Amino acid sequence: MSDITKLRNIGIAAHIDSGKTTLTERILFFAGRIHKIVEVRSKDGSGPTMDSMDLEREKGITIQSAATYCSWGDYNINIIDTPGHIDFTVEVERALRVLDGAVLVLCAVSGVQSQSITVDRQMKRYSVPRIAFINKSDRAGANPERVTNQLAEKLHLNPVMVNIPIGLEDKFEGIIDLLKMKAMYFDGDDGEIVREEVIPSHLQEEAEIKRNELVEKLADFDDDIAEKFLMEEEVSAEEMMPVIRRATIALKLVPVFVGTAKMNKGIQPLLDAVVEFLPNPTEIENVALDVDNNEEEVALVNDDEKPPVVLAFKLEDGKYGQLTYMRIYQGAIKKGDFIFNTSTNKKFKIPRLVQMHADSMEDVTSAKSGDIIAMFGVDCASGDTFTDGKHNYTMETMFVASPVIELTVRPKEKTGRVNFSKALNRFTKEDPTFRVSRDEETGDTIIAGMGELHLEIYVERIKREYDCEVIVGEPKVAYREAITKRVDFDYTHKKQSGGSGQFARVAGYIEPMEANAEETYEFVNKIVGGSIPREYIPHVDKGFQEQMKEGVNIGQAVVGIKVEINDGSTHAVDSSEMAFKIASRAALRTAIRQAAPIVLEPIMKLEVSVPEEFQGPVIGGLNQRRGVILDTNMEHGYATILCEIPLKEMFGYSTDIRSATQGKGEFSMEFAKYLPVPKSIQEEIIKNYQEAQLEKAKAK
């Protein structure tokens with residue numbers, strides 16, 4: 001790669017079933033990277049290039065984000081195709097963390113859906129410039145203009161159509177490029193021949209209105225265009241393109257393109273837009289934190305002569321061992337170089353560098369700033385930073401959501417134990433939202449994740465990839481505990497038993513934090529006059545944090561507590577770090593009991609799409625499951641119902657909705673928030689927990 005300005009690192013993201021993988025397949029085909037188009041649900045079971053897992057091909061969904069690269073004209077494009085299903089949201093999160101731009105894919109019929117909102121929120125979190133592609137314009141009910149309006153109304157973006165469709169639904173023939181004011185048709189067996197014509201006379205007026213809207217939008221970002229717009233003078237495509245680019249990169253504009261990936265129409269103009277309007281690595285500001293200098297921000301420069309700074313953003317255990325996907329933010333690396341993992345202080349020699357093309361790879365000898373590559377034989381975790389060893393930098397870590405559902409799992413045969421633990425070790429390294437713990441009392445292995453499908457896929461992968469049959473328990477909701485009032489505490493831990501004893505006293509108060517607070521725990525040290533020596537304070541804090549892992553109602557983690565210590569006492573001989581840790585644990589446990597503790601349950605945001613005639617029974621069913629209906633929408637004979645519903649009530653819903661809608665209903669859900677459980681249900685949960693504890697005690 002000689003010219004970094006000719007490099008684009010992009011992601012393709014959207015709601016499930018919007019056609020991301022199909023679009024990526026077409027991009028690779030038109031860019032000459034593959035020579036045959038394979039559909040997502042192909043009859044021979046081969047599946048598209050980017051869905052390399054058997055499970056992905058069977059279910060017709062993307063589970064892991066896949067990386068590839070291609071060329072378009074003089075430009076090189078690194079592409080990551082991400083999953084749309086919310087259970088695999090961490091795959092989208094880590095892709096967006098390292099990308100410079102994105103294509104937000106939307107269905108021309110369904111428009112902005114729940115997962116589109118989540119993906120948009122993730123893009124905003126990492127300030128990723130994006131262009132929008134309204135796919136499936138050939139489907140019945142397609143309405144790209146309505147979808148463009150939804151981008152403004154639902155996502156609060158500033159969208160502008162850069163091309164418009166010629167016909168819609170089964171009459172969709174091509175597009176009108178509003179910059180060049182030309183009609184574009186896609187001929188040949190696979191739409192590979194782009195034919196430019198004059199705009200059909202019946203669409204001339206609409207095209208002029210839409211072009212005028214485009215110029216008016218751009219007038220907000222450029223004085224020359226504003227002047228010409230006011231004077232009603234002609235604005236050329238050459239004048240508009242740099243302004244669109246500037247406003248897109250500044251996150252002030254979202255250019256919108258239309259087409260149909262399945263029918264091979266509108267892909268080439270989208271590729272042109274990727275290189276023309278999305279940023280190259282030098283146009284995005286990236287910073288690292290200098291650990292040796294109080295985590296001060298350091299601006300990273302796309303300069304191959306500077307010391308390397310590399311971020312590992314995804315791990316995958318493939319047939320050749322652990323594969324680590326990396327983005328180079330500064331400097332260059334080559335095979336045989338030594339790099340340091342700043343998280344573990346370990347030094348590695350780079351054994352092999354590859355560029356990924358889905359599940360196949362091509363060896364490279366070196367890589368430079370802006371490149372996305374993969375490396376073998378490097379022991380690290382997702383989010384680790386690598387440097388030359390002289391600079392102790394860390395890149396900001398990505399956001400990882402907490403799991404909301406748990407399953408107990410164990411290998412069916414004793415002989416499968418080794419493979420079972422190998423699988424769990426690998427999956428926890430690969431996926432930060434997949435957690436494994438052990439119930440010390442029963443010896444059960446507990447896996448936790450983002451939803452039923454998330455855990456179902458991992459159980460299936462243990463069976464297939466590790467040849468280990470698994471016995472799975474009932475799914476459990478990951479409840480939390482909280483307090484509802486302020487309570488003072490003053491606790492003394494005293495133990496005298498021959499030799500040196502233990503003594504520590506801690507005093508202060510606990511109170512609930514604000515409901516929407518980002519953090520779940522706050523520690524405030526108000527000790528004055530050294531009543532607790534400074535060296536013991538971190539151990540007091542640690543004791544509180546340890547106790548918060550186990551509540552008093554049902555033994556679940558406690559959240560939303562602010563703890564302040566303002567007094568205490570020590571003993572010249574008997575006080576110790578351990579004594580203060582024990583005292584703070586006991587103080588918090590006692591205080592929580594007095595603070596009217598409650599149980600919180602995960603509430604999911606659910607979007608259900610059903611034929612109109614089934615709307616009544618489906619809403620009735622949601623109400624029975626304690627769902628709160630937020631919105632209903634009717635379009636083209638389909639009702640879309642948006643509601644908030646407790647996760648506990650969602651087990652088995654897929655079977656229910658299929659039988660209630662003759663198999664025509666679909667739903668998607670994602671975690672929204674934690675809310676208190678109704679009193680009657682809380683009593684039942686506590687009773688069940690206490691009975692289970694008694695059973696365990698008897699079993700011992």
Side-chain angles (χ1 to χ4, degrees), residues 13-18 61 83-89 92 104-124 132 134 136 139 141-143 146-157 159 401 404-405 450-454 477 515-516 601-658 660-661 663-675:
H15 184 91
I16 190 167
D17 226 10
S18 298
I61 62 168
H85 200 288
I86 187 62
D87 285 10
F88 305 100
T89 190
V92 185
L104 176 61
V105 184
L106 301 141
C107 171
V109 183
S110 309
V112 171
Q113 295 166 275
S114 60
Q115 184 68 13
S116 325
I117 296 168
T118 304
V119 168
D120 174 69
R121 193 168 65 238
Q122 290 170 319
M123 288 181 186
K124 284 172 180 160
I134 299 175
K136 303 190 179 184
R139 269 185 56 186
N143 188 342
R146 178 178 58 81
V147 180
T148 305
N149 293 335
Q150 285 180 348
L151 286 170
E153 291 158 14
K154 293 189 176 182
L155 302 183
H156 310 294
L157 299 172
V404 293
I405 185 169
M450 302 308 296
E452 278 186 284
L453 179 69
H454 190 208
V477 173
N516 56 358
E601 65 180 340
I603 303 293
M604 310 303 281
K605 187 168 84 179
L606 175 73
E607 188 178 276
V608 186
S609 180
V610 295
E612 219 170 293
E613 65 266 30
F614 302 116
Q615 184 187 354
V618 168
I619 288 178
L622 292 172
N623 287 331
Q624 280 179 344
R625 290 172 181 264
R626 296 195 284 133
V628 176
I629 310 296
L630 303 176
D631 191 22
T632 54
N633 241 330
M634 307 296 292
E635 241 160 55
H636 311 294
Y638 262 78
T640 302
I641 304 150
L642 197 64
C643 86
E644 286 185 345
I645 194 161
L647 175 63
K648 178 181 186 287
E649 308 293 341
M650 286 305 292
F651 296 138
Y653 186 63
S654 50
T655 312
D656 280 10
I657 193 171
R658 273 199 296 272
T661 62
K664 294 172 188 168
E666 293 177 349
F667 73 95
S668 68
M669 67 174 178
E670 64 173 302
F671 171 71
K673 58 193 170 191
Y674 271 97
L675 282 182

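This chain uses plain numbering: 1 for the first residue, then up along the sequence. Given the structure is predicted, the values throughout are model-derived calculations rather than measurements.
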Inset, instruction - Write down the atom of Ala108, the atom of Lys136, and the distance for their closest heavy-atom approach. - result: CB-O, 3.6 Å
Inset, instruction - Working to the nearest 0.5 Å, report the span between CZ of Arg625 and CG of Leu647. - result: 11.5 Å
Inset, instruction - Please round to the nearest 0.5 Å and tell me the distance separating atom CG of Asp656 and atom CG of Leu622. - result: 10.0 Å
Inset, instruction - Using a 4.5 Å cut-off on heavy atoms from C-beta on, say whether the side chain of Val477 contacts that of Phe651. - result: yes
Inset, instruction - Determine whether Leu151 and Leu104 make a side-chain contact, defined as any pair of heavy atoms from C-beta on separated by less than 4.5 Å. - result: yes
Legend entry - For Gly141 against Arg146, the heavy-atom pair lying closest together: O-NH2, 4.4 Å
Inset, instruction - Any chance you could measure Tyr674, atom OH, to Glu601, atom CD, to the nearest 0.5 Å? - result: 10.0 Å
Inset, instruction - State the CZ-NZ distance between Arg626 and Lys648, to the nearest 0.5 angstrom. - result: 6.5 Å
Legend entry - Charged N-O contact under 4.0 Å between Lys154 and Asp120: no
Inset, instruction - Kindly say whether Val112 contributes a backbone atom to a donor-acceptor pair with the side chain of Gln150 at under 3.5 angstrom? - result: yes
Inset, instruction - Could you tell me the separation between the CD atom of Glu607 and the CG atom of Leu642, rounded to the nearest 0.5 Å? - result: 6.0 Å
Legend entry - Euclidean distance, Lys124 NZ relative to Leu155 CG, rounded to 0.5 Å: 6.0 Å
Legend entry - Candidate list Leu606, Ile641, Val608, test side chain to side chain contact (heavy atoms under 4.5 Å, CB included), partner Ile629, passing option: Ile641
Legend entry - Student check: side-chain heavy atoms of Cys643 and Val628 closer than 4.5 Å: no
Legend entry - Side chain proximity check, Phe671 to Ile405, heavy atoms < 4.5 angstrom: no
